[in-house]
Engineer: 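I am attaching a structure below and will ask some questions about it afterwards.
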Amino acid sequence: AVRLAQAQFAAGEARYLDLRRRNLEPGRTAVGGGAAAAEAAASADAMARSFADGLRLGLRVREDWLVQNAAVYIWNYYMPLFQQGGAAISEALYTCLEETAAGLAMAKAEPPDLFSGLAAALTEALEVRNNNGLECLYPPSTIPDAPSLGDGTCLGHAAAVCQAAMPAGVPAMQVRRAAAALARVQGKSAVDEEEDAERKLIMLLELIRLEARNDQEQSKAEGGGAAIVSQTRKDLMAEAAGFLGSIKPVNPELFARLSREATQAADWDSALSAGRRATAPADKIPNVVPALWRWFALAETCVGQALVGQIDPEQHDLAAQDALRLQAVDSFARAAVRAKQAGLDNGGSEAAACASRLLWNAAVPLMSASTTRRLLADPILKVLGILEAIRPADDNEADFRTRLYLVALEALADGARWSEGLDLTTRALKILPPSNHRSLWEFRVTFLGRMGKDLGSEMLRVKECGPQMVAKVWSMMAQASGDRQKRLEAYQQALEALQDKPVDQAEYLIQYGEFLYAWGFPASDARNQLLAAADSLIELEAAAEEEAGGGDDDAKSRGSKSDARSVGSAFSRASSMRRGGPGGLTSTSSAGRSGRVGSITPSRGMGGTNSVSGSEKSSSGAAAESAVFNVSKALEIGRVYTMLARMAGVRKERIECLLVAQHYFVKAMGITIDTLNAEASAAAAANAISDAESAAGAGRVSPGSRAASTLASGGPAAAAAAAA
């Protein structure tokens with residue numbers, strides 16, 4: 001009988017190996033379906049019958065080890081299928097599970113978690129049968145002396161099997177699957193009858209999960225608006241939180257799961273308490289245990305979300321809000337570190353990516369001031385060090401990482417940490433795609449200049465980014481240099497790089513003119529550069545107005561309407577000023593300004609929104625933008641004539657230049673107002689369409705999701721699930 005049982009096991013193993021060779025093992029969907037799927041299902045059922053035959057032979061000769069071996073085969077080979085739920089369990093496999101449950105109840109089941117897992121799988125199959133109106137097929141006819149388990153109903157039998165898999169004295173974590181399944185079929189009564197605290201908490205967590213699913217379905221049925229948290233769910237959460245102080249030693253998995261459930265219910269106090277208790281042992285364990293560190297990562301993520309969720313602008317001043325956000329940022333950084341320790345190939349990469357985006361969302365209001373921004377350097381550097389080992393999933397992920405690098409570089413610059421900033425730009429330029437290098441080079445040149453290093457060797461690499469980037473770097477080199485001759489040569493190199501792009505060259509002509517005037521060169525030379533820039537920009541403006549509507553004032557922008565006539569004569573006189581005329585005025589110019597474009601400066605008054613100025617664009621995209629007369633072009637012309645007014649030798653000429661400057665500053669304001677009005681109209685139209693679709697039965701989009709500027713994290717529920 002023993003040899004026959006082993007032969008049955010061997011036959012089952014052979015079937016499994018054949019299925020795996022064809023990528024058709026249980027739990028894997030057959031490509032193409034049809035005949036291949038039917039054949040795979042038939043083979044999987046035959047495999048289950050082979051293991052059941054071996055189990056019955058073991059019972060016949062009273063060899064418990066044969067019964068346990070059969071159970072091990074079934075658990076190992078069908079576990080991926082069990083994870084798909086009871087609906088995936090075939091009739092043949094269900095019959096095999098009934099026989100296995102009877103055999104394990106008759107034999108001495110070791111280890112306990114084997115019986116627990118199979119009891120949970122059988123319970124899911126029985127729940128499906130109960131919902132479909134099918135009968136329970138226990139006791140199996142093939143095992144005449146099977147013990148009595150339940151009252152003959154599907155749910156009664158499931159409860160009895162779970163109770164049999166949970167003998168007294170066995171640690172709760174070894175029977176956690178059976179405990180959760182028992183709570184599912186018996187409800188709150190199972191919790192009340194249990195005496196072990198950890199088992200009670202396991203059951204409560206399962207009931208909370210079921211209530212959360214019901215709340216989500218109700219919210220969806222009501223239009224998908226605000227999240228619903230039922231009173232039953234709140235009561236279960238409060239009861240579960242009561243075990244935080246009574247379960248010793250700390251159980252990181254259970255407490256992390258409780259923190260996740262509390263986060264999804266926006267119960268920030270419980271989420272914070274459970275998360276912190278879950279992570280308490282992390283630094284006391286000498287060796288990393290990946291399975292355990294996974295729960296530490298989840299708990300740290302929930303702690304960070306709870307800290308952010310506790311922020312109340314009506315009760316907390318800005319200092320208190322910043323303190324909570326900084327704690328949350330540190331917690332998200334620790335979550336990423338724990339996720340890496342758990343193994344990036346074992347779900348850690350998704351958890352680290354989730355933590356990095358939650359960190360960004362929490363840190364946005366801290367990015368506007370250097371005093372708070374510099375505190376973000378170390379947490380973001382930790383996260384970047386982990387993300388560098390993870391390949392970006394798409395362009396959006398690469399853009400997000402670029403933003404992280406820019407914030408880190410800005411924070412390092414705020415703290416005068418030049419060497420660290422230079423090292424970070426080196427890493428970023430190796431990892432990020434070339435289209436995202438523009439703003440990185442600005443910081444790199446700044447750090448090199450601050451450290452007194454030669455910048456010439458860097459230009460060979462910059463040329464790969466296009467002439468606009470070359471000009472920008474030369475300009476930054478000029479501004480970073482304190483040597484008069486080196487500044488002059490750097491500005492000339494910038495202009496030479498854009499000699500075939502007069503519109504792009506205008507910005508650097510203005511900088512060059514300001515430098516010449518501020519550093520004591522002949523005023524006529526400075527004036528010539530400024531007027532050359534103005535000529536290019538005014539030609540662009542004329543071409544844009546002609547394309548918009550010829551000579552029709554109504555088709556032109558706000559700044560080109562009636563107010564243009566009031567400055568017409570002054571404009572013509574100012575534009576035809578004699579180049580090389582009298583100068584000699586001293587000037588406080590902006591030649592030595594910072595000019596950094598890549599800083600992130602969100603406003604606290606914008607509800608946590610942020611933008612990366614000078615966002616990364618391809619060279620073709622940047623060229624297309626430079627050919628448009630927009631706010632920046634109008635401001636540049638205004639800047640030119642403001643400088644010309646300072647350089648003017650007579651009062652009348654100065655007034656004429658100031659009138660032209662005023663005209664273009666007003667025009668820039670008009671373009672801005674028109675753009676904002678157009679965006680508001682488009683948003684109103686989109687909202688109207690959305691409301692109309694909702695009235696017609698479409699899912700409603702919550703107002704907060706329309707203008708969300710923080711990076712999408714899927715909300716607390718999705719974030720916690722991703723971290724898990």
Side-chain angles (χ1 to χ4, degrees), residues 27-29 79-80 83-85 205 209 212-213 216 252-264 271 274-275 278-279 282 288-309 328-364 379-405 407-408 431-433 705 708 710-724:
R28 184 186 293 271
T29 302
M79 184 168 56
Q83 293 173 346
Q84 298 177 9
L205 288 171
R209 185 187 68 82
R213 186 177 63 186
Q216 290 174 359
E253 177 180 343
L254 295 184
F255 290 172
R257 289 173 56 193
L258 176 58
S259 184
R260 176 179 60 190
E261 297 295 342
T263 299
Q264 293 174 344
T279 59
V288 173
V289 181
L292 191 58
W293 258 248
R294 169 176 175 262
W295 298 109
F296 290 150
L298 171 61
E300 289 286 8
T301 301
C302 294
V303 167
Q305 290 178 280
L307 288 167
V308 175
V329 166
D330 288 337
S331 187
F332 291 134
R334 287 194 297 272
V337 173
R338 304 298 188 200
K340 180 183 179 182
Q341 292 171 328
L344 295 179
D345 297 332
N346 189 28
S349 58
E350 292 82 0
C354 173
S356 68
R357 289 181 175 265
L358 290 170
L359 181 149
W360 174 275
N361 292 345
V364 164
I380 294 180
L381 287 175
K382 289 180 182 178
V383 171
L384 286 173
I386 295 167
L387 293 180
E388 286 171 0
I390 305 172
R391 185 181 183 86
D394 49 32
D395 291 341
N396 289 334
E397 179 65 21
D399 291 342
F400 165 63
R401 294 188 188 182
T402 301
R403 294 186 178 192
L404 275 178
Y405 277 110
V407 176
I431 294 171
L432 297 175
S705 67
T710 52
L711 295 167
S713 63

Engineer: I need the S349 OG to I386 CD1 distance, nearest 0.5 Å.
Structural biologist: 11.5 Å
Engineer: In Å and rounded to the nearest 0.5 Å, what is the CZ to CG distance from R401 to N396?
Structural biologist: 12.0 Å
Engineer: Run the salt bridge (charged side-chain N to carboxylate O under 4.0 Å, His left out) check on E261 and R257 step by step: do they pass?
Structural biologist: CA-CA 6 Å; E261 297 295 342; R257 289 173 56 193; over 6 Å; no
Engineer: Can you give me the closest heavy-atom contact between L404 and S356, atom names plus distance?
Structural biologist: CD1-CB, 4.5 Å
Engineer: Say you draw a straight line from CZ of R334 to CD of Q341; how long is it, rounded to the nearest 0.5 Å?
Structural biologist: 12.0 Å
Engineer: Minimum heavy-atom separation for A328 and L307, please, with both atom names.
Structural biologist: N-CD1, 3.6 Å
Engineer: Would a 4.5 Å heavy-atom cut-off, applied to side chains only, mark W295 and R338 as touching?
Structural biologist: no
Engineer: Testing the basics here: between A333 and L359, what is the closest heavy-atom pair and its distance to 0.1 Å?
Structural biologist: N-CD1, 4.0 Å
Engineer: Which pair of heavy atoms, one from P290 and one from V288, lies closest together, and at what distance?
Structural biologist: CD-O, 3.6 Å
Engineer: For A398 and P392, which heavy atoms make the closest approach, and how far apart are they?
Structural biologist: N-CB, 4.2 Å
Engineer: Side-chain contact test, heavy atoms from C-beta onward, threshold under 4.5 Å: evaluate it for V407 versus W360 and give yes or no.
Structural biologist: yes
Engineer: Please name the residue in the list R391, R357, R403 that meets the salt bridge (charged side-chain N to carboxylate O under 4.0 Å, His left out) test with E397.
Structural biologist: R357
Engineer: Roughly how far, to the nearest 0.5 Å, is CG of L381 from OH of Y405?
Structural biologist: 9.5 Å
Engineer: Of all the heavy-atom pairs spanning A256 and L298, show the shortest one and how long it is.
Structural biologist: O-CD2, 3.9 Å
Engineer: Take atom CG of D345 as the centre, draw a 6.0 Å sphere, and report whether it contains more than 12 heavy atoms from other residues, nucleotides or ligands.
Structural biologist: no
Engineer: Rounded to the nearest 0.5 Å, how far apart are CD of Q264 and CD of Q216?
Structural biologist: 7.0 Å
Engineer: Not counting sequence neighbours, which residues clear side-chain contact (heavy atoms from CB on, under 4.5 Å) with A306? List them please.
Structural biologist: W268, A271, L272
Engineer: To the nearest 0.5 Å, how far apart are CD1 in I431 and CD1 in I390?
Structural biologist: 11.0 Å
